Amino acid sequence: MPTSSASTTDASSKTPAASGGVQSLERAFDLLERMADAGGEVGLSELSAASGLPLPTIHRLMRTLVACGYVRQQPNRRYSLGPRLIRLGESASRLLGTWARPYLARLVEETGETANMALLDGDEIVYVAQVPSKHSMRMFTEVGRRVLPHSTGVGKALLAHTPAEEVRALLARTGMPAATEKTITTPEGFLEALEQVRKSGYAVDDNEQEIGVRCLAVSVPNSPTAAAISISGPAGRVTEAVAESFVPILQGVAAELSVALANQNPA
């Protein structure tokens with residue numbers, strides 16, 4: 001890896017951050033997160049306006065990130081997230097799935113149905129962990145599988161608190177193809193479903209991704225990256241009646257998983 005020159009930022013960056021960290025590192029990671037929030041590509045002036053940092057400081061930090069492969073400078077002089085972040089993200093996703101497995105296993109024990117964990121990665125849902133049901137008839141989703149949010153319970157759970165204009169923009173980018181005859185295929189219908197998630201505290205995929213399969217999902221509160229867990233099974237077993245008992249279990253496990261993920265980063 002090229003030698004970092006992040007320590008050559010403006011004079012104020014030589015002072016350790018209030019949290020005890022290295023200020024130039026904190027600034028660099030803040031810029032990366034702001035780039036991700038902006039869709040992965042930004043200009044220096046946009047970063048300066050969003051972060052409050054002067055342009056020379058941002059330029060020096062971005063130059064270091066480019067040298068390390070974490071940022072790319074485009075021909076139009078704008079900056080985009082770099083390919084080196086992919087390996088870090090994939091490794092982090094695998095670890096997140098590993099940490100989640102004991103909690104998913106408890107969901108299987110308490111509900112009898114297959115338990116899943118999924119993340120919102122860009123405009124797609126990616127499954128990062130699964131523990132299968134012990135039933136002979138059970139659901140199986142390959143870890144690493146990517147699907148569109150509009151046809152899944154985890155997608156609804158993850159987008160429930162996203163501003164409507166951002167949801168509409170996402171749906172415009174992905175389209176809303178019908179996986180089954182019950183898939184929601186209009187932005188208005190999907191926004192109504194998200195409103196129901198906010199009211200009830202959980203999301204439902206009712207034969208929308210696959211006929212004969214029903215899924216209940218909740219988001220993991222305060223997760224370091226947007227995450228949701230779910231249980232899925234045959235529609236004849238995962239009924240509206242059992243949802244009354246399954247949803248509190250899901251919510252309790254999600255809360256415990258949230259604490260566990262926060263504790264992966266000791267002070």
Side-chain angles (χ1 to χ4, degrees), residues 90 92-121 124-160 178-184 193-194 196-197 200-221 223 225-261 264:
E90 289 176 345
S93 293
R94 285 195 295 272
L95 284 173
L96 193 59
T98 299
W99 293 330
R101 280 187 63 83
Y103 298 88
L104 299 183
R106 187 148 63 80
L107 273 179
V108 175
E109 289 177 8
E110 296 193 30
T111 68
E113 303 299 344
T114 295
N116 313 280
M117 182 177 188
L119 308 179
L120 183 62
D121 183 21
E124 297 178 315
I125 300 298
V126 58
Y127 289 91
V128 296
Q130 181 180 82
V131 175
S133 165
K134 295 180 174 65
H135 288 293
S136 57
M137 182 181 291
R138 61 193 180 199
M139 302 304 105
F140 177 78
T141 297
E142 183 180 0
V143 171
R145 181 189 179 198
R146 291 175 174 271
V147 296
L148 297 181
H150 72 282
S151 60
T152 64
V154 286
K156 293 173 188 173
L158 286 165
L159 292 174
T180 76
E181 68 219 20
K182 297 197 70 176
T183 305
I184 299 171
L194 297 186
Q196 183 56 44
V197 175
S200 65
Y202 69 99
V204 180
D205 161 10
D206 187 6
N207 296 268
E208 296 162 51
Q209 180 64 220
E210 184 177 348
I211 291 295
V213 178
R214 205 158 185 268
C215 170
L216 307 174
V218 300
S219 61
V220 178
S223 175
T225 187
I229 59 174
S230 67
I231 60 101
S232 57
R237 287 204 308 256
V238 185
T239 63
E240 292 184 12
V242 301
E244 294 183 8
S245 58
F246 284 2
V247 168
I249 297 171
L250 268 168
Q251 292 170 332
V253 170
E256 292 178 21
L257 179 55
S258 173
V259 173
L261 293 177
Q264 295 296 336

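Residue numbers run from 1 in the order of the sequence given. Here the structure is a predicted model, which is why all the values come from computation and not from measurement.
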Below 4.5 Å, heavy atoms only, C-beta onward: do [X] and [Y] meet side chain to side chain?
X    : Y    : answer
E113 : L216 : no
E208 : K156 : yes
L104 : N116 : no

If you compare all heavy atoms of [X] against all heavy atoms of [Y], which two are closest, and at what distance to 0.1 Å?
X    : Y    : value
P149 : L120 : CG-CD1, 4.4 Å
V238 : S232 : CG2-C, 4.4 Å
A203 : A157 : CB-N, 3.8 Å
A193 : I184 : CB-CD1, 3.8 Å
A100 : L257 : CA-CD1, 4.0 Å
L107 : A115 : CB-CB, 3.8 Å

Would you check if the side chain of [X] reaches a backbone N or O of [Y] as a donor-acceptor pair within less than 3.5 Å?
X    : Y    : value
S219 : P221 : no
R214 : N207 : no
S258 : V220 : no

Given I125, which of L159, L119, L158, L148 fulfils the side chain to side chain contact (heavy atoms under 4.5 Å, CB included) condition?
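Looking at L159, L119, L158, L148, the match for I125 under the side chain to side chain contact (heavy atoms under 4.5 Å, CB included) is L158.
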Going by side-chain contact (heavy atoms from CB on, under 4.5 Å), name the residues that satisfy it together with A178, two or more places apart in sequence or in a different chain.
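In terms of side-chain contact (heavy atoms from CB on, under 4.5 Å), with neighbours along the sequence ignored, A178 is linked to T183, T185.
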Just list the side-chain donor-acceptor pairs under 3.5 Å for residues 240-251, sequence neighbours left out, or say none.
from	atom 1	to	atom 2	distance (Å)
S245	OG	V242	O	2.9
Q251	NE2	G201	O	3.3

How many angstroms lie between OG1 in T111 and CZ in R106, if you round to the nearest 0.5 Å?
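Here the interatomic distance stands at 11.0 Å.
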Determine whether more than 12 heavy atoms belonging to other residues, nucleotides or ligands lie under 6.0 Å from atom CZ of R146.
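Yes, CZ of R146 has more than 12 neighbouring heavy atoms, counting only those of other groups under 6.0 Å.
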Taking atom types as modelled and ignoring hydrogens, do the side chains of Q209 and T152 form a donor-acceptor contact shorter than 3.5 angstrom?
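Per modelled atom types, Q209 and T152 side chains form no pair under 3.5 Å.
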